[in-house]
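A short write-up of the structure that comes next.
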Protein chains: 2
Amino acid sequence: MLHDYFKGFGSLPHDEMDFLLSQCTTKELKKGGVLIPPNHHVDSIYFLESGYLHYFTYTELGERVTLKVVSPNICWTILDSFMNQTPAEDECVALTDVRFCELKRSNYFAIKDKSKSLSDFINRIIEQILSLKVIEANNKSKMTVEERYLDLLQKNPEMVREVPISIIASLIGTSRETLHRIRRRLTAA
Amino acid sequence: MLHDYFKGFGSLPHDEMDFLLSQCTTKELKKGGVLIPPNHHVDSIYFLESGYLHYFTYTELGERVTLKVVSPNICWTILDSFMNQTPAEDECVALTDVRFCELKRSNYFAIKDKSKSLSDFINRIIEQILSLKVIEANNKSKMTVEERYLDLLQKNPEMVREVPISIIASLIGTSRETLHRIRRRLTAA
DNA sequence: TTGTTAGCGTGTCATATGACACATTTTTTT
DNA sequence: AAAAAAATGTGTCATATGACACGCTAACAA
């Protein structure tokens, strides 16, 4: 699965692809299990194979805010903590049973040092993630809450089904009750 | 100035730094001048030396939304368009007289191909931009409009002074009138 | 199985916000 | 310098939203 993900970024010689995959280890976590506790140094990049992760933080007033719901087939980490080796305030827990691949920081740098082609390969992935992140942020700026919900429903209906509504509401930046009203309006129409 | 910006990302041998700088050309634009017209292919990365740029788009209903106000000492482009050579719907105009450095795509790739150290150097910049982008997006999620305004005021008071309030309001995701009420409350206190 | 907890649906109500309208000020143009 | 245009300050008002409260159902644990 990770192999297919990598292939989407261009072809690599077999031995290099094998090396890349050899640096990752598959793990599992039960529903409710904590992947990243608060104030922790994040030391890995994760590739989610199945299930959903809940990445969240708290406001000054103690309200929990969903920053991202990590879906299958996505590479994810708390980048700032990973890059600068600082502790991350935010937390990440499993919303369902999950299966994922883990790439440790040391192995990440081993890959980048291995060869120019591998280094370029990784950088292509980083560039694409940045590009998607910017597009996502810009869309969020120009869409209403309702549009964001419809967008999510269209792009990731399974997530909307599997993840609690309260978390979806927080993700798109509104309250549980308002998301309700939106859904009622939509089913009525 | 660009030289200082680069130095912030680590040291480079003199000849490599000179090569890097030689690929950039300084340009100017008058207030109101268009840097990127709508539906245009963006072919450069820009480093702003002085002045402010207005990067914006339009919603389905034709309302103009500010996506970013580009301040001095920042590298910026419409990344998706630059990377994938697709036209960008969004536009960018000068809010004041501006001076900037331009790095063309061809020169960008020339730098990446020149040497491993230069390629790594550029990638470090990309990684940092990504990291900052994620932090910015997360902060936006967990802050109220008023907190975002105070944050902007603290981190970039000059921008708040130089840029029209209506644009600041759009940037932090509210109306001109609401930003007004916020400012009135703040000056009263 | 039973008890407990977490999540969902819905109603009421105070309030912050956006839309509109218009006066005032500042900036730009002629 | 005068006129025109753009940006800003401010008031009113309808409305969408968040907060709270409560009942219900589904999931989970003892």
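The sequence lines fix the lettering, A, B, ..., with proteins before strands; numbering per chain opens at 1.
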Can you pull every protein N or O that's under 3.5 Å from an N or O on nucleotides 25-30 of chain C?
{"residue": "dT28(C)", "atom": "OP1", "partner": "K31(B)", "partner atom": "NZ", "Å": "2.8"}

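- Residue R64(B) contributes atom CZ, which lies 12 Å from atom P of dA6(D) at whole-angstrom precision.
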Output one line per pair: protein atom, nucleotide atom from nucleotides 14-21 of chain C, and distance, for all N/O pairs under 3.5 Å.
{"residue": "dG18(C)", "atom": "OP2", "partner": "T174(B)", "partner atom": "OG1", "Å": "2.8"}
{"residue": "dG18(C)", "atom": "OP2", "partner": "S175(B)", "partner atom": "N", "Å": "3.4"}
{"residue": "dG18(C)", "atom": "OP2", "partner": "S175(B)", "partner atom": "OG", "Å": "3.0"}
{"residue": "dG18(C)", "atom": "OP2", "partner": "T178(B)", "partner atom": "OG1", "Å": "2.5"}
{"residue": "dG18(C)", "atom": "N7", "partner": "R181(B)", "partner atom": "NH2", "Å": "2.8"}
{"residue": "dG18(C)", "atom": "O6", "partner": "R181(B)", "partner atom": "NH1", "Å": "3.4"}
{"residue": "dC20(C)", "atom": "N4", "partner": "E177(B)", "partner atom": "OE2", "Å": "2.9"}

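- Residues S119(B) and K114(B) have side chains that never bring a donor and an acceptor to within less than 3.5 angstrom of each other.
- Put simply, NE2 on H180(B) is 15 Å from P on dT24(C), counting in whole angstrom units.
- K104(A) and T25(A) share no side-chain donor-acceptor pair at under 3.5 Å.
- Between the side chains of S117(A) and E16(A), at least one donor-acceptor pair of N or O atoms lies under 3.5 Å.
- For the pair I165(A) CD1 and dT10(C) P, the interatomic distance rounds to 11 Å; values are reported in whole Å.
- Among residues two or more places apart in sequence or in another chain, the side-chain contact (heavy atoms from CB on, under 4.5 Å) test is passed with K31(A) by D97(A).
- Remark: C1' of dC28(D) and CG of D97(A) are 14 Å apart, rounded to the nearest angstrom.
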Could you give the side-chain donor-acceptor pairs of residues 40-47 of chain A under 3.5 Å, partners two or more places apart or in another chain?
{"residue": "H41(A)", "atom": "ND1", "partner": "Q85(A)", "partner atom": "O", "Å": "3.1"}
{"residue": "D43(A)", "atom": "OD1", "partner": "R105(A)", "partner atom": "NE", "Å": "3.4"}
{"residue": "D43(A)", "atom": "OD1", "partner": "R105(A)", "partner atom": "NH2", "Å": "2.8"}
{"residue": "S44(A)", "atom": "OG", "partner": "E102(A)", "partner atom": "OE2", "Å": "2.7"}

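- For the residue pair N138(B)/T57(A), the side-chain donor-acceptor check at 3.5 Å is not satisfied.
- Partners of F56(B) under the ring pair (Phe, Tyr, Trp, His ring centres under 6.0 Å) rule, at least two apart in sequence or in another chain, are H54(B), Y58(B).
- Taking atom CZ of residue R161(A) and atom C1' of nucleotide dA26(D), one finds them 18 Å apart after rounding to whole Å.
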Scan the side chains in residues 159-176 of chain B for donor-acceptor partners under 3.5 Å anywhere in the protein, sequence neighbours excluded, and list what turns up.
{"residue": "S170(B)", "atom": "OG", "partner": "T66(B)", "partner atom": "N", "Å": "2.8"}
{"residue": "S175(B)", "atom": "OG", "partner": "T178(B)", "partner atom": "N", "Å": "3.2"}
{"residue": "S175(B)", "atom": "OG", "partner": "T178(B)", "partner atom": "OG1", "Å": "3.1"}

